[in-house]
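Data first, discussion second: the structure below is written as structure tokens.
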Protein chains: 2
Amino acid sequence: MSTDGSRRRDVTVADVAKAAQVSKAQAARALGNYGAVSDDVRERVLAAAEELEYRPNELARSMNTGKSNTLGVVVGDIENPHFGLAMRGITDTAKKGGYNVVLINTDEEQAAEVDAVRVLLDKRVDGLIVAPASSIETAHLRQVRESGRPLVLLDRAAEGVDAETFAVDMGGISYESTKHLIEAGHRRIAFVSTVRTNAPYFAGMKLDSSQISDRLDGIHRAFNEAGLPQPTDLIRLNAGDADSIMRITRELLRGKDRATAIIASDGLIALSVVEAIQSSGLSIPEDVSFLMYDDFAWTRLTTPPLTVIAQPVYEMGQAAASALIRQIEGRKAGAPSPELVARLIRRGSVGAPRTADVLSQAGG
Amino acid sequence: MSTDGSRRRDVTVADVAKAAQVSKAQAARALGNYGAVSDDVRERVLAAAEELEYRPNELARSMNTGKSNTLGVVVGDIENPHFGLAMRGITDTAKKGGYNVVLINTDEEQAAEVDAVRVLLDKRVDGLIVAPASSIETAHLRQVRESGRPLVLLDRAAEGVDAETFAVDMGGISYESTKHLIEAGHRRIAFVSTVRTNAPYFAGMKLDSSQISDRLDGIHRAFNEAGLPQPTDLIRLNAGDADSIMRITRELLRGKDRATAIIASDGLIALSVVEAIQSSGLSIPEDVSFLMYDDFAWTRLTTPPLTVIAQPVYEMGQAAASALIRQIEGRKAGAPSPELVARLIRRGSVGAPRTADVLSQAGG
DNA sequence: GTGAAAGCGCTAACAG
DNA sequence: CTGTTAGCGCTTTCAC
């Protein structure tokens, strides 16, 4: 009888109240667990609710209370394990705090992100976690702050947006990693990223992603300090899809002045770079050294295992979610959130460059 | 002045109506793009809305229309790239159809799933996509159907639940893969899965996951057909976390009657199995052959590259989402959704077993 | 085309 | 403790 297929009218507090022979208000109080209700009434109401299979309408509830118990999350690409893991940190924390999560994927498109933020605001989420596609075009984020809705940022900072940001110190770890490569003897270090630019790259150039800018600054700093010429020509942005990354990698490894080490900007890029190196018949680290951002389990399975920059991604998600919830609930920051530090994990993919390369380059 | 921090009262249709000097109803019609509105009124309303930075309250809208334009998605583990990719298929399709996605992660816990479904229903999502943790305990899913809300299943079927299911034919591909191993000479083939059981495994045992049952059936079928003894003792369920999987793997590879081939039930398990094999100083495929479900990019980077069972995961997500949206919008199935077929991709991780193993086992 | 008024299902004042 | 009465912001009759 209830399997009639057609969506039957939902049962409401009014129905329950009638069945329990109490006022709507009393029923609502018993059901919503607020206000004062006698044991007798509560029992009758709860019984009636059970009997009728009453389920609260959270939309109606949210409308009155102004709270939806929902966090909005905007990320560039949920397919990227980096975000998958962060998302896990977010949802775990949200659940613990009694919140749900609405996810919107932007494909790293600025327009999609602006749209996503608006949609979530319209849906009256209680707060937003955004991994901004651009650190420069941030008007939509500033609007969020102006509307007074809590907002925290993940991974990358956003100019002019006064919001808690959860990310590691990219400049520092990039400097450290570059130094590691320089000390191993490398002078020609390449960096591959998918960040989009419309002008050709030059040192100090303003980039859409604060994260990448910081990494490049770290690289430059290490080279400066070592009194070595910047390998600016080996900074490859706009890397695009897998094929394009493989093509770029092959280019990087060609010629007299070739790269002797490559840094991949994330796990997805790394896959294509390593594949290109392998399919070129080159060995890591004998022919080329390799370093990548993010420590995924598979990086231990290649031969040799890969040297990586590990970020506490899950913890970043956790920290972002709990900070957001704290803001939503109007609590002051209590214990400072755990420090988010990246670590260089040295495995087997960084070695000395071939002597031939060093000589040819020095001589050229 | 608008940066006062405190959440200012949202501007409503009433405000816009007043500013545009029209009735609330007219303003609502112009804003909501329905009903009949003169050009003059529309213009004034839109101008006023712009001026006041009016934003519709989707909650209120949903309450009246009974539509939230939201799909609820329940998965076991968003950290698992399998679901990350499926999720991408879902969100891409949802966005195209004008829907948002609420995601709940269940950690493969039955109780969490029951809860998740209830929460989503209470939030009045327009429909649900569930990758059921259990194919047996399905009361909560049956309730969804009975409530009349659209539901589609992903990856696994659910007993007694009449819902469109998007998954590949696991029995078939498992049979084919096992046959491939048998033809390579293997008799001792292990299977490692995290599916939970409370009784020790026996052939034909009823499992929580239809997906795993089907795979095991496929294995048994292949062995039967070849007239070979079932390697029932090598079926390892309840594999648990990474450490536990590594321990199990080492066990499997010990002793006279050891496994000569291992099948990993998903990408996460595969990582630990391969790591255990490598750290035991064994080589693939010389010492042990290896086969896994899901074709992730990293499987091409190991030495040797891994033989995998590729599933069209993204397409499954797409198909599930579009079927759900179709149901929500009450349309009949049009063009049948593309066939979801798994493929065995032979790379380098399957070879012949060592003669010594074959002899010792035949002799034992 | 337009406007007044009645809800959607719930919470929140406010009297008793 | 209980019930009555207003809303929340929007859509939707229903008259004009």
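Convention: sequence-line order gives letters A, B, ...; per-chain numbering from 1. Only heavy atoms go into these numbers, but all of them, side chains included; no hydrogens, no water, no symmetry mates. Model, not experiment: these values are computed from the prediction.
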Could you tell me the separation between the [atom1] atom of [X] and the [atom2] atom of [N], rounded to a whole number of Å?
X: B/Glu58; N: D/dC8; atom1: CD; atom2: P; result: 19 Å
X: A/Arg61; N: D/dG9; atom1: CZ; atom2: P; result: 19 Å
X: B/Leu59; N: D/dC8; atom1: CG; atom2: C1'; result: 10 Å
X: A/Asn64; N: D/dC10; atom1: CG; atom2: P; result: 14 Å
X: A/Asn57; N: D/dC8; atom1: CG; atom2: C1'; result: 13 Å

Name the residue closer to the 5' end of DNA chain C, choosing between B/Gln26 and B/Met63 according to the nucleotide with the nearest heavy atom. B/Gln26

Five-pair end axes of the helix from C/dG1-D/dC16 to C/dG16-D/dC1, angle between them (10°):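 End axes: 40° apart.
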
When you measure from the side chain of A/Lys24, which nucleotide among D/dA6, D/dT11, D/dC1 comes out closest?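 For A/Lys24, the side-chain atoms sit closest to D/dA6.
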
Which nucleotide in the list D/dT11, D/dC1, D/dG9 gets nearest to the side chain of B/Thr65?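 The nucleotide sitting nearest to the side chain is D/dT11.
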
Any B/Thr12 side-chain nitrogen or oxygen under 4.0 Å from OP1 or OP2 of D/dG9: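 So the side chain of B/Thr12 is outside the cut-off, no N or O lying under 4.0 Å from OP1 or OP2 of D/dG9.
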
Side chain of [X], backbone of [Y]: donor and acceptor closer than 3.5 Å?
X: B/Glu58; Y: A/Val119; value: no
X: B/Asp126; Y: B/Asn69; value: yes
X: B/Asp92; Y: B/Gly89; value: no
X: B/Lys123; Y: B/Gly72; value: no
X: B/Ser147; Y: B/Arg145; value: no

Listed pairs under 3.5 Å, donor-acceptor, residues 31-43 of chain B side chains, sequence neighbours left out:
| residue | atom | partner | partner atom | Å |
| --- | --- | --- | --- | --- |
| B/Ser38 | OG | B/Val41 | N | 3.2 |
| B/Asp40 | OD2 | B/Arg44 | NH1 | 2.8 |
| B/Arg42 | NH2 | B/Val37 | O | 3.1 |

What range of DNA chain C does chain B touch, first nucleotide to last, counting atoms under 4.0 Å from its heavy atoms? C/dG1 to C/dG9

Provide the closest heavy-atom pair for B/Ile325 versus B/Thr93 in the form atom of the first, atom of the second, distance.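 Closest pair (atom of B/Ile325, atom of B/Thr93, distance): CD1-O, 4.1 Å.
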
Expected list for residues 150-162 of chain B: side-chain donor-acceptor pairs under 3.5 angstrom, two or more places apart:
| residue | atom | partner | partner atom | Å |
| --- | --- | --- | --- | --- |
| B/Asp155 | OD1 | B/His82 | NE2 | 3.2 |
| B/Asp155 | OD2 | B/His82 | NE2 | 2.8 |
| B/Arg156 | NE | B/Pro132 | O | 2.5 |
| B/Arg156 | NH2 | B/Glu108 | OE1 | 2.9 |
| B/Arg156 | NH2 | B/Glu108 | OE2 | 3.2 |
| B/Arg156 | NH2 | B/Pro132 | O | 3.3 |
| B/Glu159 | OE2 | B/Lys206 | NZ | 3.0 |

Within residues 33-42 of chain A, residues whose heavy atoms come under 4.0 Å of DNA chain C: A/Tyr34

With a 4.5 Å limit on heavy-atom distance, are the side chains of B/Asn105 and B/Ile78 in contact? yes

Could you tell me if the side chain of B/Asn100 sits less than 4.5 Å from the side chain of A/Ile104, heavy atoms only? yes

Enumerate the residue pairs fulfilling salt bridge (charged side-chain N to carboxylate O under 4.0 Å, His left out) with a member in residues 17-32 of chain B, sequence neighbours excluded, ordered by first and then second residue.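 For residues 17-32 of chain B, and leaving out neighbouring residues, there are no salt bridge (charged side-chain N to carboxylate O under 4.0 Å, His left out) pairs at all.
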
